[in-house]
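Working notes, beginning with the structure itself.
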Amino acid sequence: MRLAVHLVCGGLLLLSFVSTAAAQYDYSDVLGKAILFYEAQRSGPLPSSNRLPWRGDSALNDAPIEATGQVLDLTGGYYDAGDLIKFGLPMAQSMTTLALGLIEFEDGYVAAGQLGYGRAALKWGTDYFLKCLSGTTPETVQFVGQVGNVDQDHNNYWGRPEDLPDTFFRPAYILNAANPGADLAGETAAALAAAAIVFETSDPSYATQCLNAATLLYQFAVQYPGLYSDSITDAQGPYTSRGYTDELAWAAAWLYRATNDNAYLTAALQNNLDQGWGFSWDEKNAGVHVLLAAITQDQTSLSKANQYFADWLPGGALTYTPLGLAWRLQWGSLRYAANTAFLALVHSKHVDDQAWSNTLRTWAQGQIGYMLGDTGRSFVVGYGVNPPQQPHHKAASCPDRLDSNGNYQPCSWEALSNPNPNPQVLTGALVGGPGSNDQYVDNRQDYIANEVACDYNAGFAGALAALVSTDGTPSTQDTTTDSGNPSSSTTTSTTTTTTAGSADCGFVLDELVTSSWNSGFVIDGLNVGNGNTIKLTWNAPRSIVNVWNAATQSGTGASQSIVLLQTAGSVFGFQAGGGAYPGVSSIEINGQECLAVTTTAATTAAPATTTAAPATTTAAPATTTAAPATTTAALVTTSENQCPFTVEVYLFGDHSFAARVYGSGDIALAWQAATDGTLPKVVHSLSSQASVGSSSVSLSSSSSSSDVAVMVTGSYNGVASASHNAVACSAQPHVHVGGQGQIS
């Protein structure tokens, strides 16, 4: 999502949480890449249709083992992440999630030309699950829940899966009546039941096979409850389970969808799950509620699903990074956001409230936009601008097996610390993602930020299919066309006069409409301060998200108000969200309605590219009907030396502007005074490094992804001085123009 734009709100620099229309992403292309990633994760003998020449047959000695009188061939399935272990629980959750996307947004897969590849990715996983299962009754079930040993794999081998020694220790860990695992069995039952729906028409016999296995595994899970990680203790490090009741409800809901058997529906509805924390391999709460709401319209499920998304949207329970990522957890931060974005797109199809549906869709598109490049870099290997080049992945870190002369090239632990990009491009892989302040370093040895995983890509692929799908595309209030691709967009500025009163309000209300659901406001002028009380009323926004320097707020539904109790010298503002923005309906000063000009800017300007800042997407900057979207500001330079950092300035009328500084090292930046000598003042900063009340900003950091963002009151007249590591340099801000207005 583009930093450019929620940047006003309340005298504060608030970042946009929605993707800008200027960032034109080919969702079909990215979907194809996201599905191709699963081919890089394949274990076992590869088919002739393999599209990755650097991958070959591997782990052909994964058993056979004997279970309940049967010999189980355990080749196949997926390597979990950058390692070479086949973990059952995250693999099963990945397949269930892939299947949900194939069911809900099949038309998106068709439009992208990826339906066959998507089904093949799902079947590669479910084929393996069928291999892992033996027995005909819950009492006789034996199910292989993991192949490979964590210590052996993580500590004793770095190299290609194709080169695993025949003697490498790859044990199989089994669930049975004596060693239960209702979570793993339930999730696998859900995956197989979902696959039965996917293949019901194209391969009915296979669908029946999947459904029979799902039924047996569900019966086993119900009859023998328990945590799989208590039985398969080797999984406790990377994938300790916290419960199984969510997987049981998840499996029951999927079996009901596949069979219409009310016994499954009853079991699913009897869940006592809260709204959920974050949909993932370990927690299915939100998935249960979204699925049940979709297929039954159950009001309890609908309410819990809505609460889950309310928690995730801005103003809810979640932390947002400065650049707008809904950030739940460091490990796999993009995974959680992608999964919830996907569920939001599913839920948006099945709710009656169109405004809420649009909100969910727009928010989800923004989260996916963050991953594709709205911040100036892509987090998807092989796609977009400045994508990751060093994902933590054993196979991709190795050179070609044979050099140009046909000689074998070994791969070992040296590849892990190789400072160069991976020799093999792990196309389509979504990396773990940034920290809570958007910090990210593309380093293979950082297995938290840079590892990839099957479950990272599953919700991501579903969300992409939804954005291609006509069903998943936001309606007319969004920025996408019916094909799911962002439309061409312009930055527009309009001037509207409120007409409820006759007296001059004595101020300008600068508005920034950043999306179909969010708007920001800055108030500055003659009557701001000096003890005046200003009340604004507007129509339609669902809620007041943030308020700064305001004493009270009130109203719900169609009419909401905010009262600003002012003190001398202050700038005030707020952010309203949750619905289409139709404009302010009335303005009062000290209880009397008054007349004022409101300047409204709908802007999608994006940070421009420099060598010091994260690169932007390949999309062209938004155009504008009122003024150029970007200009070069007048600048007083102190040196011929170009500053190795980036400054983005966003103008909101004549009275305030926002600025963001990207770079590393010790950075100082001072604003140019107005012709009357008045200096702009920082009124809010997202970083403690920029002092409120000053006419300068600073940044001191060793990370190139660090930055400082400020909201400034006063007219923008350029930069007076700039320095980097105490050396004067020439800064050339990129200026993005919003609305301009005058008091009527």
Side-chain angles (χ1 to χ4, degrees), residues 2-5 7 13 15 322-323 373-377 385-386 434 437-442 605-617 621 628-652 656-674 679-737:
R2 192 70 63 189
L3 149 76
V5 296
L7 279 157
L13 176 64
L15 304 180
L323 296 182
D374 279 3
T375 67
R377 72 159 309 127
V385 174
N386 194 21
N437 288 312
D438 300 300
Q439 69 272 24
Y440 171 80
V441 178
D442 184 12
T609 304
T610 72
T611 56
T616 61
T617 65
T630 59
T631 64
T632 301
L635 181 67
V636 178
T637 61
T638 56
S639 170
E640 295 296 327
N641 178 38
Q642 177 66 39
C643 295
F645 55 83
T646 296
V647 182
E648 303 290 336
V649 173
Y650 302 85
L651 304 184
F652 306 120
S656 58
F657 61 93
R660 195 166 195 100
V661 182
Y662 298 90
S664 62
D666 293 324
I667 295 171
L669 191 70
W671 305 123
Q672 181 77 6
L679 285 169
K681 299 292 185 183
V682 174
V683 294
H684 186 85
S685 171
L686 290 183
S687 168
S688 61
Q689 299 174 86
S691 299
V692 173
S694 69
S695 60
S696 62
V697 295
S698 63
L699 171 65
S700 180
S701 173
S702 60
S703 171
S704 61
S705 63
S706 294
D707 55 88
V708 59
V710 295
M711 185 66 206
V712 183
T713 182
S715 61
Y716 176 73
N717 297 285
V719 172
S721 63
S723 67
H724 180 256
N725 294 333
V727 177
C729 58
S730 173
Q732 297 181 354
H734 301 90
V735 182
H736 310 275
V737 181

Note to self: Rounded at 0.5 Å granularity, tell me how far CD in Gln672 sits from OH in Tyr716.
What the structure shows: 9.5 Å
Note to self: Please report the interatomic distance OG(Ser721) to CG(Leu669), rounded to the nearest 0.5 Å.
What the structure shows: 7.5 Å
Item checked: Note, Gln439 side chain near Pro434 side chain (heavy atom, < 4.5 Å) -> no
Next item on the list: State, with a plain yes or no, whether a side-chain heavy atom of Ile667 is found less than 4.5 Å away from one of Ser723.
Entry: no
Item checked: Closest non-hydrogen atom pair between Ser696 and Ala670, with its separation -> CB-CA, 3.9 Å
Check: Roughly how far apart are Leu323 CG and Asp438 CG, rounded to 0.5 Å?
Finding: 3.5 Å
Next item on the list: Dump the intermediate steps for side chain to side chain contact (heavy atoms under 4.5 Å, CB included) on Trp671 and Leu679, then the final yes or no.
Entry: CA-CA 7 Å; Trp671 305 123; Leu679 285 169; 5.7 Å; no
